[in-house]
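These numbers come from a predicted model, not from an experiment.
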Amino acid sequence: LMSAYQKMNYEDFLKRNTSEYTRNVKELTSESTASIENFLRLVSEVIIFTAIILYLCFINLKIILILFLLLSIIMSIYEFYLKPKAVLYGKNKVEASSFIYRGVDSSVKGFKEIRLFAKEEFFLDILKKGALKIYTNELKQSWIMHSPRYIFELAIITFLLSFLSISIFLYKDINLVLPIIGVFAVAGVRLLPGAASIVNCFNFLNYSSKAVNTVYQDLKKLRKKNNNNRLRNIKSNLEKINFKSLSLKNIYYKYPNTKTGIIKDASINLKAKECVGIVGESGSGKTTIIDILLGLLKPHKGQILINDKKIDQNSNSFVKLISYLPQEPLILEDTIKANICLDNSINKLKSSYEKLNTAIVQANIKQFIKTLPKGINTRIGESGVRLSGGQNKRLAIARTFFHDKEIIVMDEATSSLDVNTENFILEQIKSLKRKKTIIIITHSKNTLKYCDKIYEIKAGKIKKIK
């Protein structure tokens, strides 16, 4: 399932709250696995139950038919009354768990603001509402799951006692019916728990149907995407692009559920080894243009050309050209080495280890790493809490150098940094000129002075201003 989410379209990814992915991977997969176990148990119990019933039919068919009629009435009540409720309770539980994950996620991410505004109770109320809804629905489901056993036991025991009483009354001799009663009693010892288990399995499958369907639909999308891209990716893996130029021609893009396009007839041209700046007001579409360049969004109109040839954005060869340095880079709760390489096999390859050391020197963090107790194997805490903002940014720059892509995209890379770190990044931009192709999104005029070309985005259109 995690693989499905990693490969899903970026547009589809944006449609969901991030807490849903956490819930689905952590909770719904467990329910789906439990559903498979219950299905296999159901099949096993049905086979045993059927074998015993067939044997009892051979002993006395009339008794079995009467018993089946009685059980059919009970099953009909379950099918038309209890089953819909079990499905509803399962759906409500999945929705309620989403509230809890969302509340926890927001509470952790906004810890400082929540503390300063004294809004702890607001987020606690979100968790309480979700927890109460889960508790209520699980309690009701528990009643539905466990009550059939006692109903079946009561029905079968009542039937056997009634059969015994009627037989004694009609035949006046218990010895005539005692062997049949004995066979049915012994069979009942196995049938009663078997019938209860079958009903419980049905109940659980109905209850978890929402979770299973959610996981199934997401995995189905992954399979469809893999089938569509398999041949394309095999071909793209064989391609190696000698990058010379990149162009966006008459690009138009509109986000889902919006009336107008955020990018309208936009065109950009850049050559290899150039440094290009993109500026514009907040909400003008700068990030959208970059997402299109990164292959995350597919334009509704227009073309993306590499070396004057139209490319497929699903092509691996296109993605392999670009590295991305965001305003708030990804920092793992792991070692410095893992954060730079994003790979656990680094120790096995001498060439990769040399690249790591080179990237550390280029990012100017070698002296800092020497002060750490375990050097590059020092764990830096969740989101890099043990590092300053500038150190986190330098770590991300080291990652960019390590992966050594042809095109480097910097998205507000100098925003919210101290003067020393900002000057360091500017020096890196200066040193990379004529070595790499650089695309910079920024508000800083100081950063733009190194750009060969500058494009301004306004009202969805791009204008070259330098």
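- Residue Phe39 places its CZ atom among 12 or fewer non-hydrogen atoms of other residues, nucleotides or ligands, all under 6.0 Å distant.
- Side-chain contact, Tyr255 with Thr288: a donor N or O sits under 3.5 Å from an acceptor N or O.
- Closest heavy-atom contact between Ile289 and Ile263: CG1-CD1, 3.6 Å.
- For the residue pair Asn269 / Ser247, a side-chain donor-acceptor distance below 3.5 Å is found, with atom types taken as modelled.
- A distance of 10.5 Å separates NZ in Lys301 from CG in Asn250, rounded to the nearest 0.5 Å.
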Derivation and outcome, side-chain contact (heavy atoms from CB on, under 4.5 Å), residues Lys254 and Ile262:
CA-CA 6 Å; Lys254 181 176 76 71; Ile262 189 169; over 6 Å; no
Applying side-chain contact (heavy atoms from CB on, under 4.5 Å), run through Ile408 and Thr437 and close with a yes or a no.
CA-CA 6 Å; Ile408 300 175; Thr437 306; over 6 Å; no
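- Minimum heavy-atom separation, Leu28 to Ala211: CD2-CB, 3.7 Å.
- Counting non-hydrogen atoms of neighbouring residues, nucleotides and ligands closer than 6.0 angstrom, the NZ atom of Lys133 exceeds 12 such neighbours.
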Please walk me through it: do Lys286 and Asp291 pass salt bridge (charged side-chain N to carboxylate O under 4.0 Å, His left out)?
CA-CA 9 Å; Lys286 299 190 300 297; Asp291 287 342; over 6 Å; no
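- Between atom CG of residue Asn206 and atom NZ of residue Lys91 there is a gap of 14.5 Å, rounded to the nearest 0.5 Å.
- Minimum interatomic distance between Cys275 and Ile440 (heavy atoms only, all atoms of both residues): SG-CD1, 3.7 Å.
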Run Glu274 and Lys453 through salt bridge (charged side-chain N to carboxylate O under 4.0 Å, His left out) and show every step you take.
CA-CA 8 Å; Glu274 281 187 333; Lys453 298 177 182 176; 3.3 Å; yes
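- At least one side-chain heavy atom of Ile465 sits less than 4.5 Å from a side-chain heavy atom of Val279.
- For the atom pair CG of Leu248 and OG of Ser267, the computed distance is 7.5 Å after rounding to the nearest 0.5 Å.
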Step-by-step side-chain contact (heavy atoms from CB on, under 4.5 Å) determination, Leu356 to Ile376:
CA-CA 10 Å; Leu356 172 61; Ile376 59 173; 4.0 Å; yes
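- Under the 4.0 Å criterion applied to side-chain N and carboxylate O atoms, Asp265 and Lys461 are not assigned as salt-bridge partners.
- No donor-acceptor pair closer than 3.5 Å links the side chain of Ser44 to the backbone N or O of Leu40.
- Only one option out of Ser30, Ser32, Ser35 pairs with Ser208 in a side-chain hydrogen bond (donor to acceptor under 3.5 Å, both in side chains); it is Ser35.
- Looking only at distances, no side-chain donor or acceptor of Arg41 sits under 3.5 Å from a matching main-chain atom of Ser197.
- Side-chain contact between Leu395 and Pro329 is absent, with no heavy atoms from C-beta onward closer than 4.5 Å.
- With values rounded to the nearest 0.5 angstrom, Ile278 atom CD1 is found 13.5 Å from Met410 atom CE.
- For the atom pair CD1 of Ile292 and NZ of Lys298, the computed distance is 12.5 Å after rounding to the nearest 0.5 Å.
- The shortest heavy-atom contact between Lys393 and Glu328 is NZ-N, 4.5 Å.
- Two residues are said to be in side-chain contact when any heavy atoms from C-beta on lie closer than 4.5 Å; Asp404 and Lys436 meet this criterion.
- The side-chain heavy atoms of Asn357 and Val361, taken from C-beta on, include no pair separated by under 4.5 Å.
- The side-chain heavy atoms of Lys93 and Glu138, taken from C-beta on, include a pair separated by under 4.5 Å.
- With values rounded to the nearest 0.5 angstrom, Ile336 atom CD1 is found 6.0 Å from Ile380 atom CD1.
- Summarising the local packing, NZ of Lys405 is surrounded by more than 12 heavy atoms from other residues, nucleotides or ligands at distances under 6.0 Å.
- Heavy atoms from other residues, nucleotides or ligands lying under 6.0 Å from CZ of Phe202 number 12 at most.
- Side-chain atoms of Leu246 and Ile268, non-hydrogen and from C-beta on, never get closer than 4.5 Å to each other.
- Ala359 approaches Phe401 most closely through the heavy-atom pair CB-CB, 3.9 Å.
- A donor atom on one side chain and an acceptor atom on the other are not found under 3.5 Å apart for Thr400 and Ser323.
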Would Leu270 and Ile439 satisfy side-chain contact (heavy atoms from CB on, under 4.5 Å), going step by step from the backbone distance to the final call?
CA-CA 9 Å; Leu270 61 95; Ile439 302 173; 3.8 Å; yes
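- Closest of all the heavy-atom pairs between Glu31 and Phe204 is O-CE2, 4.1 Å.
- Looking only at side-chain heavy atoms (C-beta outward), Ile397 and Leu325 come within less than 4.5 Å of each other.
- For Lys355 and Phe402, the positive end sits near the middle of the six-membered ring, less than 6.0 Å away and at most 45° from its axis.
- Between Lys273 and Asp452, no side-chain nitrogen of the basic residue sits less than 4.0 Å from a carboxylate oxygen of the acidic one, so the salt-bridge criterion is not met.
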